[in-house]
Amino acid sequence: MTTSTSTTNATSSGRGASQTLQPTAGSSLSRFLSDGWVTTWRNLMKIIRVPEILLFSLIQPIMFVLLFTYVFGAAIDIPGEGYTSFLMAGIFAQTVVFGSTYSGAAMAQDLKDGIIDRFRTLPMSGAAVLIGRTNGDLVINALSMIVMMTTGFIVGWRVNSSPLEFLAGVALLLLFAYAFSWVMAFLGMSVKSPEIINNASFLILFPLTFISNAFVPSENLPTPLRVFAEWNPVSSLVQSARELFGNVPPGTPVGDAWTAQNPIATVLLGVAVLLIVFVPLSIRKFATLSR
């Protein structure tokens, strides 16, 4: 009788101890990766089910390539290979930066529709929702890059660097876009409607993309705008892409600013700062939503 009771107590104690065990780091990591993949797949399926999202995302870069090449190209004199080679890096940078706004608009729409509240009731990592959202943007931007490059080849753009440098240029553009998606995701959770994020993002992104070296050499701009363009991170992204694609016009002057002299380092530093700042801010913001 005593032995049976002791055995029962030991078994109950063992069960209690097993119930209080915390999940291991490995299981937490695997659960985070699994949740992140599920939310990523959800966003990709949304694109498949609503193909207009992808369609308009792909039409826009084609329109910009053709518009700037055939409408403005004749009016802008670029030495060397011509305006098309100079233009394409700017179009790449503009498209991936604008493409990152989809994270903000989608987060704001999900918040308005109550989907975020449903996610918060599930036993899943809040960070995984944001990972899935930004990963969806990354896929859209990658597809846009393929479409833009195909269109660029048709209108005469060529890569004059090694395959490794070409891949590094593509990776740098997508990495910057991914980091910027976290900024937009944070803004999307901070506004009250998707319409606000659309208007706010254009107010931010239009000066960043157009007051830069994306479409005209920054040396041609008036002094205040030239200084802004030289320190503009989009200018560093564009100049990095031109260098890695071998599209830097010969004899083109480089600004005296450190960012102009070291564009690739500037972009990598900017990406690190954006991720370090906005990933924790976005995760914390998501955790406090609807409280």
Side-chain angles (χ1 to χ4, degrees), residues 56-101 141 144-161 166 169-170 172-174 176-177 180 201-257 259-264 266-267 270:
F56 287 107
S57 298
L58 298 182
I59 288 178
Q60 179 179 316
I62 297 176
M63 180 184 68
F64 274 113
V65 170
L66 299 178
L67 176 67
F68 278 91
T69 298
Y70 294 112
V71 177
F72 299 111
I76 301 176
D77 184 25
I78 300 295
E81 298 182 6
Y83 187 62
T84 300
S85 294
F86 178 86
L87 167 71
M88 289 307 299
I91 293 291
F92 295 153
Q94 182 198 49
T95 301
V96 297
V97 169
F98 272 86
S100 65
T101 61
N141 277 322
S144 297
M145 288 286 295
I146 295 173
V147 172
M148 282 187 295
M149 289 182 175
T150 303
T151 308
F153 272 104
I154 293 174
V155 300
W157 173 68
R158 295 295 181 268
V159 177
N160 300 313
S161 61
F166 168 74
V170 174
L172 195 66
L173 287 164
L174 294 178
F176 185 89
F180 210 80
S201 61
F202 278 107
L203 288 176
I204 296 172
L205 297 181
F206 261 97
L208 283 176
T209 53
F210 283 96
I211 308 178
S212 69
N213 62 356
F215 306 112
V216 296
S218 57
E219 291 75 18
N220 296 352
L221 299 174
T223 301
L225 297 182
R226 177 178 57 79
V227 173
F228 178 86
E230 288 181 351
W231 288 93
N232 185 349
V234 174
S235 292
S236 299
L237 181 63
V238 172
Q239 186 64 23
S240 299
R242 287 192 182 121
E243 291 182 1
L244 292 170
F245 294 153
N247 295 148
V248 179
T252 302
V254 179
D256 296 329
T259 53
Q261 297 287 338
N262 304 275
I264 297 177
T266 301
V267 174

Margin query: Once rounded to the nearest 0.5 Å, what's the spacing between atom CG of Asn262 and atom OG of Ser240?
Written below: 9.5 Å
Check: Heavy-atom distance under 4.5 Å between the side chains of Leu221 and Phe228, does that happen here?
Finding: no
Checklist line | Pairwise salt bridge (charged side-chain N to carboxylate O under 4.0 Å, His left out) hits with a residue in residues 221-244, at least two apart | finding: Arg226-Glu230
Next item on the list: Search all heavy atoms of Asn247 against all heavy atoms of Ser85 and return the closest pair with its distance.
Entry: CB-O, 3.5 Å
Notebook entry, point to check: Looking at Phe153, Trp157, Phe245, which hits side-chain contact (heavy atoms from CB on, under 4.5 Å) with Met88?
Noted result: Trp157
Item checked: For the student: nearest non-hydrogen atoms of Leu87 and Thr69, plus distance -> CD2-OG1, 3.4 Å
Check: Does Gln239 reach the side chain of Val267, with side-chain heavy atoms less than 4.5 Å apart?
Finding: no
Next item on the list: I would like to know whether Phe180 and Phe98 meet side-chain contact (heavy atoms from CB on, under 4.5 Å); could you show each step before the answer?
Entry: CA-CA 9 Å; Phe180 210 80; Phe98 272 86; over 6 Å; no
Check: So, the side chain of Thr209 versus the backbone of Phe206: is there a donor-acceptor pair under 3.5 Å, distance only?
Finding: yes
Notebook entry, point to check: Among all residues two or more places apart in sequence or in another chain, which pass the side chain to side chain donor-acceptor pair (under 3.5 Å) test with Gln94?
Noted result: none
Check: What are the two closest heavy atoms between Asn213 and Phe86, and how far apart are they?
Finding: O-CZ, 3.7 Å
Item checked: Plane angle bin for Phe68 and Phe215 - parallel if under 30°, tilted between 30 and 60°, otherwise perpendicular -> parallel
Check: Does Ile264 reach the side chain of Leu244, with side-chain heavy atoms less than 4.5 Å apart?
Finding: yes
Check: Asn220: what forms a side chain to side chain contact (heavy atoms under 4.5 Å, CB included) with it, not counting sequence neighbours?
Finding: Pro217
Check: Looking only at heavy atoms, which two atoms of Ala93 and Leu237 are closest? And how far apart?
Finding: CB-CD2, 3.8 Å
Item checked: Residues that Asn141 engages under side chain to side chain contact (heavy atoms under 4.5 Å, CB included), provided they are two or more places apart -> Val96, Leu174, Ala177
Item checked: Results of side chain to side chain contact (heavy atoms under 4.5 Å, CB included) for Thr101 - residues two or more places apart only -> Met184, Ser201, Leu205
Check: To the nearest 0.5 Å, what is the distance between CD1 (Ile91) and CD1 (Ile62)?
Finding: 12.0 Å
Margin query: My understanding is that only residues two or more places apart in sequence, or in another chain, count here; which of them pass side chain to side chain contact (heavy atoms under 4.5 Å, CB included) with Thr266?
Written below: Ser236, Trp258, Thr259
Note to self: Using every non-hydrogen atom in the two residues, find where Ala241 and Ala89 come nearest and quote the distance to one decimal.
What the structure shows: CB-CB, 3.8 Å
Item checked: Pairwise distance CD1(Ile211) to OG(Ser218) - rounded to 0.5 angstrom -> 12.5 Å
Notebook entry, point to check: Which distance, rounded to the nearest 0.5 Å, do you find between the CD of Gln60 and the CG of Leu67?
Noted result: 11.5 Å
